[in-house]
Number of protein chains: 2
Amino acid sequence: MFGVVSRFLSNATNRIDAKGRVSVPASFRAVLLECGVQELYCLQDFIYPAISVGGPDLLDRYEKQIASVDPFSPEANRMSLLVHGGGVFMRLDAEGRLMVTDFIRDFTGISSEVTFVGRSDHFQLWRPQAFHEAQAAAREGRFGSRPV
Amino acid sequence: MFGVVSRFLSNATNRIDAKGRVSVPASFRAVLLECGVQELYCLQDFIYPAISVGGPDLLDRYEKQIASVDPFSPEANRMSLLVHGGGVFMRLDAEGRLMVTDFIRDFTGISSEVTFVGRSDHFQLWRPQAFHEAQAAAREGRFGSRPV
DNA sequence: TGGGACCATATGGGCGTCAATGGGAGAGGC
DNA sequence: GCCTCTCCCATTGACGCCCATATGGTCCCA
């Protein structure tokens, strides 16, 4: 196709079912399909209480970023702790659903609903209210969520 | 007509039908057609409770701004949250109508009617009353609507 | 100048398809 | 053996694509 913009955009909120699964929005799945992504790399955002999700290339990008700063700096140390110690691979089921594990719940505070937020080259999982607060704060030039 | 006016001007209010659709004013559609725009980038405005609508170039402009700073900086993260997480691509149906999704309703308060407002290089979707209030306030030099 | 054909716009609705969600049953690990 | 995860199927409600109607305006021609 043409005209199809293969970027993660917009936000949508879906319910978690009794088994702890949640449907990834179809528009996001379409991007994953187009990029041929099957293994999803998930890690904790550096700033917000959200889980970032993308293809394996997402991990590559973070590792390059770590390599680009002083390897002994607190910043590199902190990033490595999150990227390597806090990253995990996941995959979707046949219906395009994701298991919401404790890894995700504990970091984001997600319990019954997940807000999916597009970030161009990846997307994020948020607790709905936390997302709205962070977005409102961002509009005012603040961050609204403590650095984690 | 006189000349080719490829700008979005004036305002008009249309009803949302039972299926949640609304006709985009013909004059706006003409501008879109002239610019060859098929994919509409819709963004939750930074200041007003309104949705800004334009071509993909609207997104490009914001992304260039993001690209101008360190992509891993908190500042880039914050901007992406608004530009990517608060934006979405949509398209009109064969009759030139737009689906009024929860993405639009929740942010603007729109329920039964939409006021389309020309903004030269893009246009906006407003809840009719909110638009009139904001306009009246603007005449007095105020803003009239709290940043959302 | 008045009437009427014609057209564009806004709006209404049928219907097929797909997405989001719910739940059953089997495979595998502790 | 029990709990958990995965694969499969069912349901329902939303959305996209299509065609139909109304209303108001414009243009043409008598």
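All values reported here derive from a predicted model rather than from experimental measurement. Computed over heavy atoms, backbone and side chain alike; hydrogens, waters and symmetry mates excluded. By convention in this document, chain letters (A, B, ...) are assigned in the order of the sequence lines, proteins followed by strands, and residues within each chain are numbered from 1.
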Table please: side-chain donor-acceptor pairs of residues 107-114 of chain A below 3.5 Å, with sequence neighbours left out.
{"unit_1": "T108(A)", "atom_1": "OG1", "unit_2": "I104(A)", "atom_2": "O", "d": "2.6"}
{"unit_1": "T108(A)", "atom_1": "OG1", "unit_2": "I110(A)", "atom_2": "N", "d": "3.1"}

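Rounded to whole angstrom, the span from the CD1 atom of I16(B) across to the P atom of dT11(C) amounts to 10 Å. Atom P of nucleotide dT21(C) and atom CG of L98(A) are separated by 13 Å, given to the nearest angstrom. Between M90(A) atom CE and dT4(D) atom C1' there is a gap of 14 Å when expressed in whole angstrom units. In this structure, CG of L33(B) is placed 15 Å from C1' of dT9(C), rounded to the nearest angstrom. For D17(A) and dG22(C), the CG to C1' distance is 7 Å, given to the nearest whole Å. Atom pair F89(B):CZ and dG16(D):P shows a separation of 16 Å (rounding to whole Å applied).
Here the closest non-hydrogen pair linking G85(B) and V117(A) is CA-CG1, 3.6 Å. The minimum heavy-atom distance linking G55(A) with V37(A) is given by the pair CA-CG1, 3.7 Å. A pairwise comparison of heavy atoms in R29(B) and G96(B) identifies CD-CA, 3.6 Å as the closest pair. Closest approach of R91(A) and Q38(A) over heavy atoms only: CB-O, 3.8 Å.
Between R29(B) and dA10(C) there is a side-chain N or O to OP1 or OP2 distance below 4.0 Å.
Under the rule for a ring pair (Phe, Tyr, Trp, His ring centres under 6.0 Å), the partners of F131(A) that lie at least two apart in sequence or sit in another chain are W126(A). For Y41(A), the ring pair (Phe, Tyr, Trp, His ring centres under 6.0 Å) partners are F89(A), not counting sequence neighbours.
Across all strands, V22(A) comes closer than 4.0 Å to no nucleic acid atom at all (heavy-atom distances).
Across residues 108-120 of chain A, not one residue has a non-hydrogen atom less than 4.0 Å from an atom of DNA chain C.
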Quiz item: Using Watson-Crick and G-U wobble pairs with both distances under 3.5 Å, what is the 5'-to-3' dot-bracket string of DNA chain C, with [ ] for crossing pairs and | for pairs outside the strand?
Solution: ||||||||||||||||||||||||||||||
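Ring geometry, F8(A) versus F123(A): the interplanar angle falls from 30° to 60°, so the pair is classed tilted.
Using a cutoff of 4.0 Å between basic side-chain nitrogens and carboxylate oxygens, D57(B) and R61(B) are scored as salt-bridged.
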Quiz item: Taking protein heavy atoms under 4.0 Å as touching, what does nucleotides 6-12 of chain D look like 5' to 3' if B marks base contact, S marks sugar-phosphate-only contact and - marks none?
Solution: BBBB---
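Side chains of D45(B) and S52(B): a donor on one and an acceptor on the other come within 3.5 Å. Residues R97(A) and S23(A) bring no donor and acceptor atom of their side chains to less than 3.5 Å of each other.
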